[in-house]
Structures are given as structure tokens and as C-alpha cells.
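Below is one structure; the comments refer to it alone.
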2 protein chains.
Amino acid sequence: MPKSPNTIDGRLWDELRHAAGEGNVTHDLIDLVSYSYDASDHFGRPQAGVWATDTHQVSRIMEWAQRHRVPVLPRGAGTSLSGMTVPAAGGIVLDMNRMNRILALRVPDRLVIVQPGVVYANLQKALAPLGFFFPPDPASGSVCTIGGNVATNAGGIRGAKYGVTQDYVLGLEVVLADGRIMRTGSKCMKSVSGYDLTKLFVGSEGTLGVVTEVTLKIHPLPRHTVTASIAFEQLSDAGRAVSQIVQAGIVPCVMEIVDSVCVGILRRQAELEVPDVEALILLESDGQTEGEAVQEMERALAIATECGGTHLKRARSREEAAKLWRARRALGSIITRLRPSFSVEDVTVPISRVPELLSVVQDISRRHKVEIATMGHAGDGNLHPAFTFDRSNPDEVHRVEDAASELFKATIELEGTITGEHGIGLSKAQYLAWEHDATALKMMKALKRTFDPHGILNPGKMALDD
Amino acid sequence: MPKSPNTIDGRLWDELRHAAGEGNVTHDLIDLVSYSYDASDHFGRPQAGVWATDTHQVSRIMEWAQRHRVPVLPRGAGTSLSGMTVPAAGGIVLDMNRMNRILALRVPDRLVIVQPGVVYANLQKALAPLGFFFPPDPASGSVCTIGGNVATNAGGIRGAKYGVTQDYVLGLEVVLADGRIMRTGSKCMKSVSGYDLTKLFVGSEGTLGVVTEVTLKIHPLPRHTVTASIAFEQLSDAGRAVSQIVQAGIVPCVMEIVDSVCVGILRRQAELEVPDVEALILLESDGQTEGEAVQEMERALAIATECGGTHLKRARSREEAAKLWRARRALGSIITRLRPSFSVEDVTVPISRVPELLSVVQDISRRHKVEIATMGHAGDGNLHPAFTFDRSNPDEVHRVEDAASELFKATIELEGTITGEHGIGLSKAQYLAWEHDATALKMMKALKRTFDPHGILNPGKMALDD
């Protein structure tokens, strides 16, 4: 991967300041240090931070960067769990957070047009009074940006029913590596006019271009939701319940599974009364009528009960439902505090193989003497095994690395994917070749070269730029 | 675009027979003539037809073709309305219809794995008893193939609620131009592992590779549907009704609009009692409970009535609903018989601009003295203006061409796309540059060169191979 020139001389910075506009470039250590991290444990310091203000300015910045072969990393909230937003090769961080305007809320057209720096939660706040929402729901929703959602193809707990970011991106405005501005897609619900450049950019981790505008399809908010939880003495019974619910043609908007480690945490820490079992399934169903939501839930619960589910609890109020989801969400942050370090994976398998993956995780945990707490989106086969450890203990770090790489291998053997929603970034770059055949990898690298021949866009990510 | 060698000598054909297997190559005129047409009015005769039997055979055929620079056109049922399956540059037609096995019905994983030659209707027949379906619904469903659905990113009348083919393709096996075999995507509900090669192939019209296996996400069949129709004295009121229904957060699984020309046809020919009005809207809503379907329908009908809708008819039985959809489907074939020739467009605009597009169509029809009957999927802004004319009358042909090109221009001015579901093929190749900016076109052409450097895959389509 191309490295940023070690010493970018004064003339170059003058040029950049001219391109970006006075006051939009920083070399302050406090800024550079902030830009050196994301939510992963990777680190890399940029030589400058640049605030993007508008498309033409981004175009001028990219022209400058391409001319001088300076790496550019577009960055939103920096919540990546895979090191996607860490400037591994130096260069400049292009901070998109000031391009944060909602440009149009076009409800009769079922779409919104936003700048990439719009915070996910702010978009939802603008849409809710209109009776609409943007269905993907990354856990970092309160701070992450739509640009980041597009770059990672963000998912979340509603994926089984509502899909992921890709399913909602109708069109983009993109600045290419050489500064050219390109529009993809359209303002229509569908189009088959030429190759689908839009979907190619979704999930491309800032390696193909800088997204400067996003057109998103929106969806009517469901008017009714029903929430319940059910416990399983045996993990395998929980897995069977998930499979049979899917087989019965039931797609709850949420079907979360948490393992015994998480059950233990919930029992010790949270505000819920949780039985001492191997697994819990948390369910939410929705509909425009109460009947639709209730009937779906009751069908799912009947199957879960037949599969050995016990301690069935239906939330009797919004507060009770909110309490359940608060506890589920709290799990992540509780886990991060259990030990000095943690890393969370997002391996995904075909739905029916969730129980196998869960027992693989338990086996890996035991053999490598690594603590793993697993929760996940059973409805779309996406599990989040969270490794907790102490980074100052080299032996433990080594065991965690071995355990993770074994987990990826096992996932692929189960016809799975090493990343369902966090992306490849730096964390999984070395594993990409395990999942894809040599031809697919070659074509991905060819795409990278086609869009970014000098490899200046987010170099090192996905390991596609060699 | 590369032309097939005019005289492919005997040795070449021997090599092809060796690669494809004895009995899988035809030069019979009766076959070549069949392969010269599709459902458009384009024509081009191939030098041979080859039956694909398996992935490795397709790989050998592509190696042969690339070595000798022979154009290859993969073909399913040949139902393309845009000339996508006409061998414009000669070469060989690769007939995929014998690769027609459903390889796996994995309901607990919510997916099926099929060969490209599986007929759409056969897949639905296999899925229905399991309570599932593949939601896209091209009008040619009784004969078209899944490979063709992937190549065109097929849509249909349920698009507003259920999306298009792209939303259901999880992974592909593809043979590239040089014979290399590549797998894309996964067997998981979601994956963000590397660039999304899958979606790039969906809708690429056989110009990037030959799809030899398709993994599709499936969806539970709704258990209840409700059907109704409502008439509008004023076309503009019908348009307003569509907008307001969408704005109210109602997404009927079908919301069809038919104009006064179609109303006239329905009044004369069909089995329905239809009032003499400017527009009809046909609605279907669905749900897992009757209440969900009924409530959605009643909300939509209340809005439609407020907007001036009259002659409201709720189907009181499955038979009545079937009669309505039979009449709607019959419209297409009745129109084809009105005059010696016809062509049907698939322009698409943002939903709220449907009424504007409808009045543009009327205006164009009047000014160019061309008969146009328009029906369409109002819920996703996709209209089908059908031009009827006499191809033996050069003046009339000229007027139709002028009218069509004016329609495309007007559609683009309304922020629309020239093709919502039929594809670019040959018919719209010359208009692609109207819709996309120069940079987007350049990148599409670069993608074509990346995957097919010698331009042997379906040359001439989309005009991306120059």
C-alpha cells in the first residue's frame, strides 16, 4: 500500500489549504490524535485533518491528493469496529461531519436526500413525525453518520425483516479519486439503466470514492409492536426454535439470541429477572395493525415453546419492552467493562446453522481459554461473539488471535461470512482470501484499480490495493 | 463493437464442439432463426447455438470464445423487450435453458439455489407448498428464466412493497469472459465481506459474465390479500391519490394505474364493468392476517375517495380479484393486437411525478399523432406507455421514434430513469448518455473492460463496449 510522503513540504500544505479553504485544514496534535483511532484497537496518525464543506471542495481536495499521491480517508463518526476509519497509511483524514444537512425530505416520493455527515439518529428524528423511518439500525445509531452507514453497508437488529443499508440506497453523489464528480442511481424506486454503480459503492469502505450525497428510500413506521422473551435450558433447543420459526414463514422484525455468558451478565447486572439458562431469545414483531403483530408473535412463541422454551414473558407495556431492549443494548457495554480489552466479531452463517456456530464458539472458548460472550441477530444468522481479555498480557492476546482466526475458519466451513455488518477494514483484511476464491479477489482488486489507480483512497483496507 | 469473424472456419467449430460436447452445438437454420429474435423488434442472426449443460462446460466454451474473439450471448427464454437477447454482433447464442434444476430449497435458511435456466413459474410452484415465494413478478413469469431475471434485474407489479430481483440475490456463480469461474456473495442473509460483486452482475444484461448458479433469498407468502378498484374522472386526481396514499405511509403490494386509452380497451373487450373515466387505480394489499390487509386497503380507499375516486369496487371473492388481474394482464396482449406493431416503454419517475408523466404522455401522443396506451405500477413510479403503430408505414415509424425519444427526455427532466425494469439492451443504448453523466458512463465502460477486455460478452448492449 502507498505510504504518505513522510515529509509533505510547506508548499503542498499551502496548496491543500487553498483547495480546502482557509480554516478547513488542521495539523493540531489534539485533532490528529482524535483522527488516529476508531472503535477498533487499530491506530494510525494522519498528517492533517481536513473538514469537507461541499462537493466541489471535496473535488479540489481529491485532485490535490491524487496529484501528490497523498492517502485520503473519509471519516464520519469513527465508530468502525474493524479499523476502517483509522488512517493506516497516514495522509489526510477527510472529516465529513460538517456536511450534515438533510437536503430534502420527500415523503410522497418515499425518499430523503442527505449529506453524508447527517447523524443517523437525527435522520430518524426528522422522519418519525412524518410516520417514516430508515430501517437499518446500527448499534452506534446515536452518533454514527449516514455516510458511514453507506461505507459499511450498516445492518443491525432489524435486518431479517427490513434488510440493510444497501436495500435503501437509491443513488449517490461521489467524488472519485481524481476529483471527478459522479452521480449514480436515481430518485426513483427502481432503475435498471446501466450498471449499478450505487450498490458497488455501498460497503466499499471509502476505498472507491468519497460519498458527498445520499438518496435513501424510506419506509412507513410500523404502528404496532409486540415484544417477548423466552428462555431455553439447552442452547440447541434455542437454535432449533429459530430454524423452525423461519421455516414456518415467520419473520419477526427482531429475533435476538444471547448465550449463557450473556445470561449470566444479565442476571448479575441488569434490571431484568432472568432465569439461569443456556440461552434466551428476545422477539419483536410489528405490523400496521395490532392483530398482525400479535398473531405473528403468538405463532413464533408457540413454536419456541414446543422446542422447549420456558419462562415465556410477554412485555405488557411499552416500558416493559423498553426495559428488555435496554438490557440487550447494555450487554455490549457491560461486556467491554468485564476485562481491560475486548473485541467483538460479526460472523454470519445460514440461519439454520446458528446453533452449530454457537457451539463452535463455546468449544473455541474452552480450548483456547478465552472468555467469549455471544449475542446476535438469529433471524439473519449474524452472531456477535465478544472476546474479553487483557491486551497487556501477550499470551492472552495470542490466544484471542488464535481463537478469532479459528472462529473465522469455522464460520466459512459453515457456509458463512466473516463479516455480516462490521466490514473488513484492517481487522479482517488478512482473512478476506479465506472466504472468497482467487478469481473473486482478483476482480475486487481490479475494481479497486479501476476506481483508484494510484491507491490513495483509504489504503490498506480490505487488502485490495496490492 | 467487435463483430464475429464472418467465416468461422471448420477447425474452430470442431474446437467448439469439443469444448461444448457433441450434440450441444447447432447450426441448423431453424435454431439460428429462433435465436435471432426476442420480444423486441430487433434482429440479429448468430452463427451457432450452443446448449449450456454445466459450469465447467460453460467455462470451456468461454475459453474458446475468448481465444477466438467470438461474441457470446447467454440466453434464457428470450423474453427481453429491449433486444437484450438478440445477437447483434453474431457469434454464438449460449442457450441456458437446459441448466434448469432447482439445486436446493433451503427454507430454514430462507434461500433457494437454482440453475439459471429454471423457469420463474416453476420456482414459484416449488416454493408455494412450502409457504414461500420469490417476490419479484415479471409479466413474462410463466416462461422467463431466473437467469434472465438476474440479467435484467426483473421487477413487476409488486415492486413498491417487495422490491426487485436485486433485493433477493444473495450470491452467484459466474463464468467470466476468459472462462474463469467465480463465486460471489454467500449463503447468508447478509455479508459485507469485500466489494459486492453480486449486485454488479444483477442487471448487467449478460455483458460481464455468464451466470451459472443463483442463490436467492425467499419470502413467506402473505396469507391474506384484498383487492379493489377505483375510478377517477380526472387523471390528475388519480395521481394525487397515489401521492397521498404513499405519503400516508401506505405501501399496497400492488397499486396499478391505467389511463383512459386502457379504460376504453377494458370497456370494449374485457369481462369487467368499467366506467368511462380518465383513469382507474387497481389496488391489492396483503398481510399475514386479514385485518392487516383490510385495514391497509380501507385506509388507501378512504384517501382515494377523498381525492375524487368513484365507482369503488371491492373484490368480494378470489374469483372477482382474479378477474380484475386477468383483465389488467390482458391489457398488454390486447394492445399488441390493436395495430400491426407495438413497443412498450418502462419509464420511471419519482412517485409524486406520476401524474406529470401521464400528462406528458398524453401531450406527446397528441402532438406526434401516435396512439399510446399507458398502464403502470404507480406505487413505484414505473409507467408502461405502449405505442401502437404500423411498421410498414415509414412516416408512422418516424413519429413513434420521435415520440419515444421525447418521452425519454421528459422522463429524465422529471428526475426519472429511462428504464425501470426492461433494461437498456439495444433499444435504449443510444439514450443511456442522456440519463447518466459522462463520468458515470466512463466508469461503466471501465467496468465492462475490466470484466470483458475483448468485448465478447453480449456486444453492443448498453453501448458500453466502445
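Order of the sequence lines sets the chain letters (A, B, ...), proteins ahead of strands, with each chain counted from 1. Side-chain atoms are counted along with the backbone in the values below, which use heavy atoms only and exclude waters and symmetry mates.
- The interface of residues 161-170 of chain B with chain A, defined by heavy-atom distances below 4.5 Å, comprises B/V164, B/Q166, B/D167.
- Put simply, of B/A438, B/G249, B/A463, B/P108, the one with the most heavy-atom pairs under 4.5 Å next to chain A is B/P108.
- If you measure heavy-atom distances from B/N153 to chain A, the contacts under 4.5 Å come from both the backbone and the side chain.
- When each of A/A248, A/G155, A/G203, A/G287 is scored by its heavy-atom pairs under 4.5 Å with chain B, the top score falls to A/G287.
- A donor-acceptor contact shorter than 3.5 Å is absent between the side chain of B/H436 and the backbone of A/R183.
- The part of B/Q295 that comes within reach of chain A is its side chain, from C-beta onward, which places non-hydrogen atoms under 4.5 angstrom from that chain.
- Between B/R223 and A/E292 no salt bridge is recorded (no basic side-chain N to carboxylate O distance below 4.0 Å).
- In terms of non-hydrogen atom pairs under 4.5 Å with chain B, the most contact-rich of A/V192, A/I218, A/T152, A/T289 is A/V192.
- With values rounded to the nearest 0.5 angstrom, A/K187 atom NZ is found 14.0 Å from B/I351 atom CD1.
- Using a 4.5 Å cut-off between heavy atoms, A/E421 contacts chain B through both its backbone and its side chain.
- If you measure heavy-atom distances from B/L221 to chain A, you find no contacts under 4.5 Å at all.
- Heavy-atom pairs under 4.5 Å with chain B were tallied for A/T184, A/I418, A/V349; the largest tally goes to A/V349.
- In this structure the side chain of B/P350 reaches within 4.5 angstrom of the side chain of A/R106, judged on heavy atoms.
- For the set B/G381, B/S186, B/S204, B/A293, the count of heavy-atom pairs under 4.5 angstrom toward chain A peaks at B/S204.
- In this structure, B/M443 CE and A/L197 CG are separated by 8.0 Å, a value rounded to the nearest 0.5 Å.
- Neither the backbone nor the side chain of B/Y431 comes within contact range of chain A; no heavy atoms are under 4.5 Å apart.
- Annotation for A/G416 and B/C188: closest pair CA-SG, 3.7 Å, computed over non-hydrogen atoms.
- Across A/V202, A/L200, A/L176, A/L208, the residue that shares the most heavy-atom pairs under 4.5 angstrom with chain B is A/L208.
- Two residues are said to be in side-chain contact when any heavy atoms from C-beta on lie closer than 4.5 Å; A/K199 and B/D196 fail this criterion.
- Residue B/E290 qualifies as open at atom CD: its count of foreign heavy atoms under 6.0 Å is 12 or below.
- Residue pairs that meet the side chain to side chain donor-acceptor pair (under 3.5 Å) test with at least one member in residues 437-447 of chain B, sequence neighbours left out, are B/K445-B/D466.
- Heavy-atom distances place both the backbone and the side chain of B/E415 under 4.5 Å from chain A.
- For the pair B/D380 and A/K190, the salt-bridge criterion is met [side-chain N within less than 4.0 Å of a carboxylate O].
- Without hydrogens or angle criteria, A/D109 side chain to B/S352 main chain gives a donor-acceptor distance under 3.5 Å.
- Between chain B and the residues A/H422, A/R299, A/M462, A/E205, the most heavy-atom pairs under 4.5 angstrom are made by A/R299.
- Note that OG1 of B/T417 and CE of A/M189 are 12.5 Å apart. Values are rounded to the nearest 0.5 Å.
- Between the side chain of A/R110 and the backbone N or O of B/A160 there is at least one donor-acceptor pair closer than 3.5 Å.
- Counting only heavy atoms from C-beta outward, the side chains of A/L447 and B/F451 approach each other to under 4.5 Å.
- A/S193 has its side chain within reach of B/I424: a pair of non-hydrogen atoms, C-beta onward, lies under 4.5 Å apart.
- Under the 3.5 Å distance criterion, with hydrogens and angles disregarded, a donor-acceptor pair is assigned to the side chains of B/Y195 and A/T207.
- Within the 4.5 Å cutoff, the side chain of B/E435 has heavy atoms near those of the A/S191 side chain.
- Of the N and O atoms on the side chains of B/T450 and A/T450, at least one donor lies less than 3.5 Å from an acceptor on the other residue.
- Among A/T198, A/L432, A/T419, A/T348, the residue with the largest count of heavy-atom pairs under 4.5 Å with chain B is A/T419.
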